[in-house]
Protein chains: 2
Amino acid sequence: MGGARSSAAGRKEPIERQPVGEGLGGLLRKAARLMARNGFHGASMRDLAKVTGRSLSGLYHYARSKEDLLYLINFHGFTTLVEHGRARGMAFRGPREKLRGFISFHVRYFAAHRDEMRVLMWGTQALSDERARTIRNLKDRYTAILREIVRNVCRSAAKGPVSEKSIDRKTFLLFGMMNWIYGWYSAARHGAPEELAEEIYRTFLYGLSGRRRERRKFPAQEVAPLWN
Amino acid sequence: MGGARSSAAGRKEPIERQPVGEGLGGLLRKAARLMARNGFHGASMRDLAKVTGRSLSGLYHYARSKEDLLYLINFHGFTTLVEHGRARGMAFRGPREKLRGFISFHVRYFAAHRDEMRVLMWGTQALSDERARTIRNLKDRYTAILREIVRNVCRSAAKGPVSEKSIDRKTFLLFGMMNWIYGWYSAARHGAPEELAEEIYRTFLYGLSGRRRERRKFPAQEVAPLWN
DNA sequence: TCCTCGATCGAACGTTCGTTCGTATCCTAC
DNA sequence: GTAGGATACGAACGAACGTTCGATCGAGGA
């Protein structure tokens, strides 16, 4: 009775609170791959069964529905982003070090989990209203973390006051540089993620004609998994 | 007889060469709206019939298939981008003026045709191999235009030589800032497209702590339509 | 030994999908 | 007036979809 069961049915807790075991984890990874390539509606459960080597009905032992899979990818993805993003912000002292840390984490994380991150970017249209709210809330929290960092960098750099509207725009411009990489980045052609992170950091702070100082590389680090 | 017919059937020329009349144009606009929100596979012909006030079978008078709609949105979208992007590059003299012109056009165009541009960004996965090649070719040509501009700006700014890899990365970072706006930009909250274009231009050139010179605004201009 | 329960499967259900077919209406050229 | 093309529609087809159901198998505790 009770305790941790890995079946999808017969649980009392909401699915996002249940631990992601090996079976479900593999499912989510393959599902993210399919959804990233074909979109949520273009990824069929039959395709997922094929690539996971399972039977169609066997999938429903791990998730109650296809929407559950999408929701779990979104929930664990954004939760990990928020947790690590906040931790990165607190691990450094100065505003620019915080910024460097955040960019480094975000870029390496995106490069390591491209399929999942692409699913996150597709929005919450296919989710129920309540779940969409949950995901949007997590996304907003993540955005707020970077905005706060950007705000502090702006204030420490400018002489006069900086408008909130401009901070908002700059935050999204930075997210744009970092998120767009899923569409073109290849480690073989464009260098290691750390290199890319450094280029984004310098571009955002100093622009194309930016100074050549501040040379220290981002330390190569472990990349966090999406679920554990 | 012969000449311009607006029916989908009985034509000899490839569909992308045929003029986009009022009927097909309206169809494409609504289709782009649906596909931008729900993805290609999530946008059904029945939904399209509903929002256009037509019957389901009536849609097939204008396009032979749903894939045709996706292809036409992609083809005319990228074709317009390439044509105007190239024209913008030639309309200015110095490298930085060319860059300013390109950014201004791209941002205003994206802000004016958000749904279509989001469809363009979703990739060519749902298209046939040949059509996917055609679209990728157009996209590559558009990318090359901006890369050439960025290369010249880099060379005119730097003392030493600039690596192609770095130019490549910077080009994509700039595209990232410009393309990401579909996810967050709202003219009411974040200012006019011209203002946003100016901020992207300054950020890309000078970074966050960038100079305040170069104050002249982008001129407010007409935005090109997707098909004519 | 038997019973339970997680894990897995084949078969099928009802729905929705893209597309086709036959037909009807309107406008225009001859 | 009538032939022919553009425009539009309802009904239907076959395929693919997400999901459910009942059964089987194997391991572990009573």
Side-chain angles (χ1 to χ4, degrees), chain A residues 1-12 15 18-27 30-31 34-35 37-73 125-128 131, chain B residues 1-13 15 18-28 30-31 34-35 37-73 125-128 131:
Chain A
M1 21 90 201
R5 292 199 292 171
S6 68
S7 159
R11 287 264 208 161
K12 290 298 176 293
I15 49 167
Q18 301 170 22
V20 177
E22 201 157 327
L24 179 56
L27 229 60
K30 304 272 197 180
L34 285 176
M35 291 182 190
R37 280 164 164 61
N38 308 105
F40 175 73
H41 296 285
S44 74
M45 296 296 272
R46 285 168 174 83
D47 285 346
L48 182 57
K50 218 159 286 173
V51 300
T52 53
R54 295 179 136 86
S55 71
L56 175 59
S57 51
L59 301 178
Y60 289 84
H61 178 67
Y62 292 98
R64 245 186 285 262
S65 70
K66 186 178 160 188
E67 194 218 344
D68 276 13
L69 296 175
L70 177 64
Y71 178 60
L72 287 177
I73 293 169
Q125 207 62 38
L127 292 174
S128 73
R131 289 178 160 182
Chain B
M1 28 109 179
R5 293 199 291 170
S6 70
S7 157
R11 287 266 208 161
K12 291 297 176 296
E13 329 164 280
I15 49 166
Q18 301 171 22
V20 177
E22 201 157 326
L24 180 55
L27 229 62
L28 291 179
K30 304 274 196 178
L34 284 176
M35 292 182 188
R37 279 163 164 62
N38 307 107
F40 175 73
H41 295 285
S44 74
M45 296 296 273
R46 283 168 175 81
D47 286 345
L48 182 58
K50 216 160 287 175
V51 299
T52 54
R54 296 180 135 87
S55 71
L56 174 59
S57 50
L59 300 177
Y60 289 84
H61 177 69
Y62 294 97
R64 246 186 284 264
S65 70
K66 186 179 160 187
E67 193 218 345
D68 276 13
L69 296 175
L70 177 64
Y71 178 59
L72 288 177
I73 293 169
Q125 207 63 39
L127 292 173
S128 73
R131 288 178 161 182

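Below, chains carry the letters A, B, ... as their sequence lines are ordered, and counting in each starts from 1.
Applying the side-chain contact (heavy atoms from CB on, under 4.5 Å) rule to A/Asp68 yields the partners A/Ile15, A/Ala63, A/Arg64, A/Ser65, A/Arg131; only residues at least two apart in sequence or on another chain are considered.
Protein atom OH of A/Tyr62 is 18 Å distant from nucleotide atom P of D/dT20, rounded to whole Å. When rounded to the nearest whole Å, the span between CG of A/Leu59 and C1' of C/dG10 equals 14 Å. When the P atom of D/dT7 is taken as reference, atom CD of B/Glu22 falls 11 Å away, rounded to whole Å. Protein atom CG of A/Leu34 is 16 Å distant from nucleotide atom C1' of D/dA16, rounded to whole Å.
The structure places CZ of B/Arg54 at 14.0 Å from OH of B/Tyr60, a figure rounded to the nearest 0.5 Å. Taken from NZ in A/Lys30 to CG in A/Leu48, the straight-line distance is 9.5 Å, to the nearest 0.5 Å. To the nearest 0.5 Å, atom OG1 of residue A/Thr52 and atom CG of residue A/Leu27 are 5.5 Å apart. Here the CG atom belonging to A/Leu24 is positioned 9.0 Å from the CD atom belonging to A/Gln18, to the nearest 0.5 angstrom.
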Output one line per pair: protein atom, nucleotide atom from nucleotides 13-20 of chain C, and distance, for all N/O pairs under 3.5 Å.
| unit_1 | atom_1 | unit_2 | atom_2 | d |
| --- | --- | --- | --- | --- |
| C/dG18 | OP1 | B/Ala43 | O | 3.3 |
| C/dG18 | OP1 | B/Lys66 | NZ | 2.6 |
| C/dG18 | OP2 | B/Met45 | N | 2.8 |
| C/dG18 | N7 | B/Arg46 | NH1 | 2.8 |
| C/dG18 | O6 | B/Arg46 | NH2 | 2.8 |
| C/dT19 | OP2 | B/Tyr60 | OH | 3.0 |
| C/dT19 | OP2 | B/Lys66 | N | 2.8 |

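The main-chain N or O of A/Phe40 is found under 3.5 Å from a side-chain atom of A/Lys66 such that the two form a donor-acceptor pair.
For B/His61 and D/dA8, the shortest distance from a side-chain N or O to OP1 or OP2 is not below 4.0 Å.
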